[in-house]
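For clarity, every value in this text was computed on a predicted model and none was experimentally measured.
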Amino acid sequence: MAGIGFQLERMVRDGGVGGFVGATLDGAVLSSGPWITTIGAVLLLQIWLGHHVPASSEVVLTVMIYAFSASVVIASPCALVGVRIAAGRMFDNDRDAVPGILILTLCAATGAALVAGHVLFGVLSHHAPGTVLLATAIVVLLTQISVTGPFLTAVRRPWPVLLGYLGGIAAAAVALTAVRMRGETGVLAAVAIGMGVTLILILAAFAGEFPASAPPRQAVRDMTVPTLHVAVVGLMNALALWIDKWLLWFAPDSIATVDRLRVNPIYDQASFAGLLTLIPGLSLMLFLSETRLERAFLRLVHCCTGTAKLSRIEDAQREVVTTIVQNLRLLVVTQTVFCAICWVLAPELFAALGFDARGIFAFRFTVLGVIFHIVAIYAGVVLSYYDLFGRIGLAWAAFFVVSAAATLISWHSGFVGYGLGYLLGAAAGATVALVLMTTASADIVYLLFVGNNPSVVGERRYLV
């Protein structure tokens, strides 16, 4: 994503105030556009269901929530491994191998999604065969879209990707309104059609960037095994994000919607709305933070791999640390200001969206937690530059454990305690990530030469 960041930075440098505003908007669209459009589509679908097919809304929304949950958990490890391998092939100027890597990644994720869909909608709940088939198809399509998304960061023209999401939403809207699909089966079919259109369009955008395809020159096993630690990091990331929601599906205020499938309408709405406040931080991380860090870190690597004196290497190390601190300060200040605005306007936002007012507590806890969440994400970005994925995994593990424990402790406090688990988990993850990032930054020269040098320590470098 740093390449897109460089383009946006030029917009800021050459365009003055207008360039800054334009770059900020572009950064928000490019970093979070698919996410924003997806959440917006789900909210619109919820409103539409309440007005036109209220009898089916409960089943449809339950299918959507569980499908999103399953797709994230499945896609995160698969996508990270696939992207890591594809990045290595691109670094070796083997771009023709990237489409094949995407296909293999999609196959692995699709198999897991089929199993998850069958268990969720065929075993834990008893639907009609057509509903089970459509619900499973939605899980598979969402998983495939989630896997393809990270690969699209290599596309030079990201706007067709966003148009792909909008095209899918339009196709689902036409199926619901013009074709007038009704009932839970009809609505699920319309949603599946929209997701299928989105998948086709984003794969077309990817194929336009990588028209040629060839088998990877290196055996798939030889590429995958050294990157399995990345899969663990992706899995822990997804689990940390979802654990509080899973637990609260069984809280006293939750409801059983379809057999053994449960949801918590109060917390689900508030949590998803609160997580949207990640957008400013993600946007800044795209076109300012990662771009600055990329330049500073490459200068340090150049000094270490060239003939620079020790004093010059130490100056480059201090530049990296200064850049990290400046970027972190910018992220925290921006995210804090935005979250403070959302905190104050929470009652008005809930009234406008028609959400349950009891979710305001959860929404406010979530927007506070997002500040720590963005810090944890940025620290993970820095640690990924250092190739210390074991430390990233520890940070997300701390997020997961504390979030689960705090959610269980506040279990019986009712809706006033919803979101506290996410807040404390994000704070724990950010704290661990900052400590690990700080110690790594202090030792980065040693890590580059010895501690994280594959010619010295072999594959153990990933667990340093």
Side-chain angles (χ1 to χ4, degrees), residues 1-15 19-20 23-24 26-27 30-31 83-84 86-93 95 153-154 156 230 281-334 374-392 395 433-457 461-462 464:
M1 297 295 284
I4 299 173
F6 289 131
Q7 297 180 34
L8 296 177
E9 189 182 48
R10 283 194 293 271
M11 291 176 62
V12 175
R13 185 176 61 249
D14 301 335
F20 177 80
T24 302
D26 284 355
L30 298 178
S31 63
V83 168
R84 181 62 184 264
R89 296 302 93 203
M90 291 181 67
F91 183 80
D92 293 334
N93 293 320
R95 288 174 57 89
T153 59
R156 295 187 180 92
V230 182
L282 294 176
S283 177
L284 280 175
M285 200 178 299
L286 169 64
F287 84 92
L288 284 180
S289 300
E290 287 198 45
T291 306
R292 293 175 176 176
L293 178 62
E294 175 88 3
R295 285 202 177 102
F297 187 72
L298 286 179
R299 279 192 286 268
L300 174 61
V301 172
H302 178 72
C303 290
C304 292
T305 56
T307 57
K309 297 180 180 180
L310 178 59
S311 58
R312 180 68 189 92
I313 294 176
E314 291 175 340
D315 288 341
Q317 179 186 8
R318 283 191 289 270
E319 182 185 1
V320 170
V321 173
T322 300
T323 301
I324 292 171
V325 172
Q326 291 175 344
N327 290 343
L328 194 58
R329 181 177 60 193
L330 178 61
L331 284 171
V332 170
V333 170
T334 303
I374 203 71
V375 171
I377 293 174
Y378 180 71
V381 170
V382 176
L383 289 170
S384 68
Y385 272 85
Y386 299 163
D387 213 8
L388 299 176
F389 284 90
R391 299 193 183 195
I392 304 174
L434 283 176
V435 170
L436 296 175
M437 180 190 71
T438 301
T439 56
S441 299
D443 298 332
I444 185 59
V445 175
Y446 167 77
L447 290 171
L448 286 172
F449 279 106
V450 180
N452 207 28
N453 189 334
S455 64
V456 177
V457 298
R461 68 188 190 275
Y462 296 122
V464 172

message: Please determine whether a side-chain nitrogen of the Lys or Arg among Arg391 and Asp443 lies less than 4.0 Å from a carboxylate oxygen of the Asp or Glu.
response: no

query: Heavy-atom distance under 4.5 Å between the side chains of Val230 and Val83, does that happen here?
result: no

message: For Ala395 versus Ala433, what's the shortest heavy-atom pair and its separation?
response: CB-CB, 3.7 Å

statement: Value for CZ (Arg299) from CD (Glu294), rounded to nearest 0.5 Å, stands at 10.5 Å

field: Residue pair Val321 / Ser441: nearest heavy atoms and the distance that separates them
entry: CG2-CB, 4.2 Å

message: Minimum heavy-atom separation for Thr323 and Ala296, please, with both atom names.
response: OG1-CB, 3.7 Å

message: Are the side chains of Leu331 and Val375 in contact, using a 4.5 Å heavy-atom criterion?
response: no

- line: The reported gap from CG in Leu388 to CD1 in Ile444 (rounded to nearest 0.5 angstrom) is 7.0 Å

Straight-line distance of Arg84 CZ to Ser384 OG, nearest 0.5 Å: 8.5 Å

Pairwise ring-ring contact (aromatic ring centres under 6.0 Å, His included) hits with a residue in residues 295-334, at least two apart: Phe297-Tyr385, Phe297-Tyr386

- prompt: What's the shortest heavy-atom distance between Gly380 and Ile392, and which atoms?
  reply: O-CD1, 3.4 Å

statement: The reported gap from CD1 in Ile324 to CE in Met437 (rounded to nearest 0.5 angstrom) is 5.5 Å

- request: Kindly give the heavy-atom pair with the smallest separation between Ala440 and Leu383, and that separation in Å.
  value: CB-CD2, 4.1 Å

- prompt: Which is it for Leu328 and Val382 under the side-chain contact (heavy atoms from CB on, under 4.5 Å) test, yes or no, and what are the steps along the way?
  reply: CA-CA 11 Å; Leu328 194 58; Val382 176; over 6 Å; no

statement: Smallest heavy-atom separation, Val381 atom then Leu293 atom, equals CG1-CD2, 4.4 Å

statement: d(Phe449 CZ, Cys304 SG) to nearest 0.5 Å is 4.0 Å

message: Would you compute the distance between atom OH of Tyr446 and atom CD of Gln317 and round it to the nearest 0.5 angstrom?
response: 14.0 Å

